[in-house]
Amino acid sequence: MSFGITELLIILAIIVLLFGTKKLRNVGSDLGGAISSFRKSMNEPPADEKIEQDDNDATVESGRIIDVEKAESEKKKA
């Protein structure tokens, strides 16, 4: 059993009467924002695994920039 255009329009009219257009608009925008946020987070690596080497000999680790030479000299002092 498939739904025709008439049945779908009746169901849509009932939903609009129950919830109102403003509430449906808010739900739609929230759902769209959640989907785009989910897609964005799926494409990014986790923050704790993100380690990159920069050209000026600094390392980015967990969102912090660490100067490698400065860290090594502090280790030698300790």
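Note that the structure is a prediction, hence the values are computed from the model and not measured.
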Notebook entry, point to check: Heavy-atom distance under 4.5 Å between the side chains of I35 and L31, does that happen here?
Noted result: yes
Checklist line | Same apolar cluster: I11 and L24, side chain cutoff 4.5 Å | finding: yes
Checklist line | Hphob cluster co-occupancy, L18 + I15, side-chain heavy atoms under 4.5 angstrom | finding: yes
Check: Same cluster for V16 and I10 if Ile/Leu/Val/Met/Phe/Trp/Tyr side chains link at under 4.5 Å?
Finding: yes
Notebook entry, point to check: Would L8 and L12 count as a side chain to side chain contact (heavy atoms under 4.5 Å, CB included) if you check the C-alpha gap in whole Å, the side-chain angles of each, and the deciding distance to 0.1 Å?
Noted result: CA-CA 6 Å; L8 292 176; L12 179 63; over 6 Å; no
Next item on the list: Mind checking the OG-CD spacing from S2 to E7? Nearest 0.5 Å is all I need.
Entry: 8.0 Å
